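Reviewing the structure listed below.
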Amino acid sequence: MDTIKWGIIGCGNVTEKKSGQAYNKIAGSKLVAVMRRDAEKAADYALRHHVDRWYNDAEDLMNDPEVNSVSIATPPASHLEYALRAIKKGLNVYVEKPVTRNAGEAQQMADAVNQSGAKLTVAHYRRALPMFLHVKSLIDNGAIGDIRTVQIRMWQYPRPKLQENAPPNWRLQPELSGGGYFHDLAPHQLDLMLYYFGEPAHSTGYSLNQGQFSPADDHVCGQIVFKNKVVVNGSWCFNVAKSEAVDSCEMIGTKGKITFPFFGTFVTCKNEEGEQTVNFTHPEHIQQPMITKIVSYFKGEGPNPCTIDEAVVLMKVMDSFTIFR
């Protein structure tokens with residue numbers, strides 16, 4: 001297909017700046033329709049972003065003869081249903097993270113993709129950002145030698161600063177999100193670990209609801225041992241004092257250390273040659289580099305930047321941290 005013509009299912013906050021406007025800024029890509037169950041909000045979105053058509057029913061959008069690709073940006077509870085329906089209609093699919101609520105649902109999606117030959121990509125867009133590609137380059141080039149341990153800390157106030165401008169509602173309803181803030185934020189971090197270090201050999205962890213602020217667990221700990229013998233330890237706590245909020249990743253190797261925040265803009269590398277910090281400015285539309293790769297993939301001009309099979313592995317890791325207490 002010469003042009004990827006997008007329809008967004010669920011044109012909420014995540015699409016306002018991160019992705020929605022990017023579809024029209026990439027060669028061979030155009031946003032032609034949007035859908036939201038609230039018709040008034042769908043119409044408003046279409047008007048503000050100069051989109052030709054809007055719908056309040058996903059079936060109508062998927063039946064739009066001009067739409068050949070859909071972006072599923074609803075809460076995770078409906079990702080599987082919409083993806084399966086789109087695949088049956090022969091549409092290309094881009095699914096927000098987490099791809100589903102759990103590994104079982106992700107596997108169902110993977111089975112449908114693999115049986116149909118459909119094209120589906122998962123929105124782990126940090127894989128395409130220069131900052132995290134820089135980290136990958138440091139790792140691959142041996143800047144800190146052989147990596148021994150990685151320490152991830154994401155500690156936030158009960159209403160994380162990272163989410164203060166977004167309604168929390170569905171994120172704290174496990175039946176809609178799969179869990180709590182861990183399910184919303186940790187996929188960004190854990191997918192990068194899989195992207196950097198490959199296939200895990202084992203993962204385990206636990207979760208609990210310490211603060212009782214919502215039905216969702218607010219404290220998660222986990223460990224991954226990769227087949228290349230890198231060990232990753234993670235701690236996610238969403239009930240600490242505002243003064244103790246932390247977003248950090250430390251990679252310790254035989255020759256030094258790489259440090260960076262997942263939701264920040266710098267990478268520090270300290271090794272035998274000294275210490276260097278590189279600062280980055282993220283794109284205006286943070287998903288645009290990833291969407292550029294997806295357009296190329298959907299057009300048959302490049303590889304899939306994040307497959308559903310990779311997302312299944314991620315969801316299995318997340319389940320191993322949260323399902324068994």
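Worth saying up front: this structure is predicted, and the values here are computed from it rather than measured.
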(message) Would the distance check show the side chain of S137 and the main-chain N or O of L133 forming a donor-acceptor pair, the cut-off being under 3.5 Å?
(response) no
(request) Indicate yes or no for a side-chain donor-acceptor contact from T100 to the backbone of A106 under 3.5 Å, with no hydrogens or angles considered. (result) yes
(request) Applying side-chain contact (heavy atoms from CB on, under 4.5 Å) between V232 and each of T149, L194, I147, I152, report the one that passes. (result) I152
Using distance alone, with no hydrogens and no angle criterion, decide if [X] and [Y] have a side-chain donor and acceptor under 3.5 Å apart.
X: E250; Y: S248; value: no
X: Y94; Y: S19; value: no
X: E16; Y: H49; value: yes

Taking ring-ring contact (aromatic ring centres under 6.0 Å, His included) as the test, write out the residues that go with [X], two or more places apart.
X: H134; value: F280
X: Y55; value: none
X: H219; value: none

Same cluster for [X] and [Y] if Ile/Leu/Val/Met/Phe/Trp/Tyr side chains link at under 4.5 Å?
X: I286; Y: V14; value: no
X: F262; Y: V240; value: no
X: V231; Y: M193; value: no
X: W170; Y: F213; value: no
X: F263; Y: V267; value: yes

(message) With a 4.5 Å cut-off on side-chain heavy atoms, are K30 and I4 touching?
(response) no
Closest heavy-atom contact between [X] and [Y]?
X: M315; Y: P98; answer: SD-CB, 4.2 Å
X: F298; Y: K119; answer: O-NZ, 3.5 Å
X: E96; Y: A123; answer: CA-CB, 3.8 Å

Value rounded to 0.5 Å, distance of [atom1] in [X] from [atom2] in [Y]:
X: Y157; Y: N239; atom1: OH; atom2: CG; result: 11.0 Å
X: Q288; Y: I294; atom1: CD; atom2: CD1; result: 12.0 Å
X: H50; Y: R48; atom1: NE2; atom2: CZ; result: 10.0 Å
X: S29; Y: K5; atom1: OG; atom2: NZ; result: 11.0 Å
X: N169; Y: L176; atom1: CG; atom2: CG; result: 8.5 Å
X: K229; Y: D146; atom1: NZ; atom2: CG; result: 11.0 Å

Using a cut-off of 6.0 Å, state whether more than 12 heavy atoms not belonging to [X] lie near its atom [atom1].
X: R148; atom1: CZ; value: yes
X: Q212; atom1: CD; value: yes
X: E40; atom1: CD; value: no
X: K316; atom1: NZ; value: no

(message) Assess the residue pair K89 and E59 against the criterion (salt bridge (charged side-chain N to carboxylate O under 4.0 Å, His left out)); give the C-alpha distance rounded to whole Å, side-chain angles, the decisive distance to 0.1 Å, and a yes or no.
(response) CA-CA 10 Å; K89 294 177 182 293; E59 188 70 13; 2.8 Å; yes
(request) Mind running side-chain contact (heavy atoms from CB on, under 4.5 Å) on Y196 and M251 for me, showing each step along the way? (result) CA-CA 11 Å; Y196 293 152; M251 298 180 172; 3.6 Å; yes
(request) State which residues pass salt bridge (charged side-chain N to carboxylate O under 4.0 Å, His left out) with D218; sequence neighbours excluded, sorted by chain then number. (result) none
(message) Can you tell whether the side chains of E310 and R127 come within less than 4.0 Å, N to carboxylate O?
(response) yes
(request) State plainly whether the residues D191 and K97 are in salt-bridge range, i.e. N to O under 4.0 Å. (result) no
(request) I would like to know whether E284 and K25 meet salt bridge (charged side-chain N to carboxylate O under 4.0 Å, His left out); could you show each step before the answer? (result) CA-CA 11 Å; E284 179 184 7; K25 296 184 177 182; 3.8 Å; yes
(request) Using the side chain to side chain donor-acceptor pair (under 3.5 Å) rule, collect all pairs that involve residues 292-302, keeping only residues at least two apart or in two chains. (result) none
(request) Scan for side chain to side chain donor-acceptor pair (under 3.5 Å) pairs involving residues 68-77, sequence neighbours excluded, and state none if there are none. (result) Y23-S71, S69-N92, T74-S78
(request) Name the orientation class of the two ring planes belonging to F132 and F260 (parallel below 30°, tilted from 30 to 60°, perpendicular beyond 60°). (result) perpendicular
(request) Would you sort out whether T15 and Y45 count as a side-chain contact (heavy atoms from CB on, under 4.5 Å), showing the intermediate values? (result) CA-CA 10 Å; T15 70; Y45 187 100; 3.1 Å; yes
(message) Under the criterion side-chain contact (heavy atoms from CB on, under 4.5 Å), I'd like the reasoning laid out for S203 against I224: C-alpha separation, chi angles, the key distance, then a yes or no.
(response) CA-CA 4 Å; S203 64; I224 310 170; 4.2 Å; yes
